[in-house]
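The model shown is predicted, which means the values in this text are computed figures rather than measured ones.
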Amino acid sequence: MDKQQEYVLRTLEERDIRFVRLWFTDVLGFLKSVAVAPAELEGAFAEGIGFDGSAIEGFTRVYESDMLAKPDPSTFQVLPWRSESPGTARMFCDIALPDGTPSYADPRYVLKRALTKAADLGFTFYSHPEIEFFLFERKPGPGEKPVPVDRSGYFDHTPHGLGQDFRRQAITMLEAMGISVEFSHHEGGPGQNEIDLRYADALTTADNIMTFRLVMKQVALEQGVYASFMPKPFAEHPGSGMHTHLSLFEGDRNAFFEAGAEFQLSKVGRSFIAGLLRHAPEITAVTNQWVNSFKRLYGGGEAPAYVCWGHNNRSAMVRVPMYKPTKGQSTRIEVRTMDSAANPYLAFAVLLAAGLAGVEGGYELPPGAEDDVWSLTEAERRALGIEPLPQNLSEAIRAMERSELVAETLGEHVFDFFLRNKRREWADYRAQVTAFELDRYLPVL
């Protein structure tokens, strides 16, 4: 037994923890949990906990359903909202097949595989997400419009506002679980908030995002409100994105930094951006996986709808933030397409794969877009060579279907299931008669 496993078992005893929740996610990014007694944990470390994989979205077929959840002791944390004795803790799991080999259906393994490929090239992949979400007075029922908890706007400071108290309690809870928070503030929409996590390696960040979403739901529940990561709940207000800063390190050296280069951005950094741009259409179904995701991308504001990059250009898909002379190590790029309802394991895997394809292939970075891309005409965008991102889930699916890069990154099993699930979602959506159609056509036709 290694030291981390020994630490977990010792902590359970010292802190009177009687329940340990083992967490993992399905292919769509929904959190799954099984609780075990501390006495079972030594066996779980050694052999895993068996469960029926056929009951989990995208995991396996009925006739090959046995799977094992193997807890990762490095992710052990006591749940602060279960602080009364006896306590409850959690660990993320890696999913294995009965013979102990990693499951091809486990999103965490998909990301680990991509990170191993980066490591073979000498790189460590870091990410830092800015996570936006809405707070509503209650969970809306079928056909009911959501009611935001306030009417505040960007950076508004509302004395005794619920959002302020919410963010304070949520951040306290995140930090109690070892998740460092960099900034928090009210966002542009009514009831909309943003909390930015401190940068970490991509696997830790993906685990942190899964924890973050649960903590926001939990704190909202305690405060009698409802937290939602739906990308675009209001037509007239900005949607919720998850702008994510990315960087590659070679040991302790930032591979994106080159003193004296334009924007201090190295050849590796420029090729990484070029990879993201070239493969943008085919990875969009993963970074923006819901029908509703595309309402945000085509809703204007600061949401990117076009494949381009820029320096401090917030309408571009990829932004190179302003360089700080004393902070070469902080040189990074910001991907602005992804929303906070993505599966972070799969999204980081395809972003890394696209960027590395650019680095390995020596892709040339096209000129940056320094205009507000939204304000240009279609003809002006065409003249600049700026292509649109997929405009709906159907277009994104078609681009992904043809992608060798995404198929290889996700693996055949996840790739096939994901596409099947998304085709079904699009078919269900197309069959709906919307309120827009009823309001517009019934009175006149």
Side-chain angles (χ1 to χ4, degrees), residues 130 188 231-232 238-239 241-246 256 261-289 292-323 331-339 342 347 350-359 361-403 405-406:
E130 304 173 353
K232 182 79 169 170
M242 185 163 66
H243 301 156
T244 302
H245 298 250
L246 308 176
F256 283 2
E262 188 183 19
F263 313 131
Q264 315 302 311
L265 194 62
S266 70
K267 174 81 170 69
V268 167
R270 297 175 72 82
S271 293
F272 194 94
I273 297 173
L276 290 173
L277 299 181
R278 185 181 299 188
H279 298 286
E282 64 209 73
I283 67 173
T284 299
V286 181
T287 57
N288 304 81
Q289 69 163 321
N292 183 251
S293 298
F294 295 85
K295 304 292 175 76
R296 167 184 163 256
L297 291 181
Y298 280 82
E302 291 188 354
Y306 298 93
V307 180
C308 60
W309 74 282
H311 176 56
N312 264 352
N313 182 345
R314 292 178 186 273
S315 67
M317 175 194 155
V318 179
R319 184 176 77 94
V320 178
M322 194 179 297
Y323 169 68
T331 300
R332 62 201 186 278
I333 62 171
E334 179 188 24
V335 176
R336 300 178 62 80
T337 36
M338 188 161 42
D339 58 50
V350 296
L351 287 169
L352 176 58
L356 287 180
V359 174
Y363 293 4
E364 286 296 323
L365 185 62
E370 294 308 325
D371 296 303
D372 175 3
V373 184
W374 277 105
S375 66
L376 300 174
T377 65
E378 284 296 333
E380 286 170 331
R381 282 192 284 265
R382 270 199 306 277
L384 291 167
I386 296 174
E387 295 290 325
L389 282 160
Q391 299 190 23
N392 54 48
L393 184 60
S394 178
E395 286 188 14
I397 290 166
R398 284 202 297 275
M400 179 174 158
E401 283 170 338
R402 300 189 294 267
S403 173
L405 178 132
V406 178

_Can you pull out every salt bridge (Lys or Arg N to Asp or Glu O under 4.0 Å) where at least one residue sits in residues 273-283? Sequence neighbours excluded, please._
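Salt bridge (Lys or Arg N to Asp or Glu O under 4.0 Å) check on residues 273-283 returns no pairs.
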*asked:* According to salt bridge (Lys or Arg N to Asp or Glu O under 4.0 Å), does anything in residues 374-384 pair up with another residue at least two apart or in another chain? List the pairs.
replied: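 Pairs touching residues 374-384 that pass the test: Glu378-Arg381.
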*Do Leu246 and Phe272 come close enough that some side-chain heavy atom pair is under 4.5 Å?*
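Yes. Closest side-chain heavy atoms under 4.5 Å.
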side-chain contact (heavy atoms from CB on, under 4.5 Å) against [X], all qualifying residues, sequence neighbours excluded:
| X | value |
| --- | --- |
| Glu387 | none |
| Glu262 | Arg270 |
| Arg319 | His245, Asn312, Arg314, Pro321, Glu334, Arg336 |

*asked:* Which residue is it: Ile283, Leu389, Thr284? I am looking for the one with a side-chain contact (heavy atoms from CB on, under 4.5 Å) to Thr337.
replied: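 Single side-chain contact (heavy atoms from CB on, under 4.5 Å) partner of Thr337 among Ile283, Leu389, Thr284: Leu389.
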Quick one: closest heavy-atom pair of [X] and [Y], and the distance?
| X | Y | value |
| --- | --- | --- |
| Gln391 | Glu395 | N-OE1, 2.9 Å |
| Ala347 | Ala342 | CB-CB, 4.4 Å |
| Ala274 | Tyr363 | CB-CB, 3.5 Å |
| Pro304 | Ala316 | CB-O, 3.7 Å |
| Tyr298 | Pro388 | OH-CB, 3.7 Å |

Let me confirm one number: the [atom1]-[atom2] distance from [X] to [Y], rounded to the nearest 0.5 Å.
| X | Y | atom1 | atom2 | value |
| --- | --- | --- | --- | --- |
| His311 | Ile333 | NE2 | CD1 | 14.0 Å |
| Arg332 | Leu265 | CZ | CG | 12.0 Å |
| Met317 | Leu297 | CE | CG | 10.0 Å |

*According to the interplanar angle, ranging from 0 to 90°, do the rings of Trp309 and Phe263 count as parallel (below 30°), tilted (30 to 60°) or perpendicular (above 60°)?*
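The arrangement is perpendicular - the two ring planes meet at more than 60°.
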*Evaluate side-chain contact (heavy atoms from CB on, under 4.5 Å) for Leu376 paired with Tyr306, printing each intermediate quantity in order.*
CA-CA 11 Å; Leu376 300 174; Tyr306 298 93; over 6 Å; no
*Output yes when a side-chain donor or acceptor of Thr244 lies under 3.5 Å from a complementary backbone atom of Met242, and no otherwise.*
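Answer holds: yes.
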*Distance-only, no hydrogens or angles: does the Arg296 side chain make a donor-acceptor pair with backbone N or O of Asn292 under 3.5 Å?*
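Checking the backbone N and O of Asn292 against the side chain of Arg296, no donor-acceptor pair under 3.5 Å is found.
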*Check step by step if side-chain contact (heavy atoms from CB on, under 4.5 Å) holds for Leu365 and Leu277.*
CA-CA 9 Å; Leu365 185 62; Leu277 299 181; 4.1 Å; yes
_Those residues that, when tested against Ser271, pass side chain to side chain donor-acceptor pair (under 3.5 Å) (two or more places apart)_ =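 Ser271: side chain to side chain donor-acceptor pair (under 3.5 Å) contacts with Lys267.
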_Partner of Ser293 by side chain to side chain donor-acceptor pair (under 3.5 Å), out of Asp339, Thr287, Asn288_ =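 Going through Asp339, Thr287, Asn288 one by one, the side chain to side chain donor-acceptor pair (under 3.5 Å) with Ser293 is satisfied by Asp339 alone.
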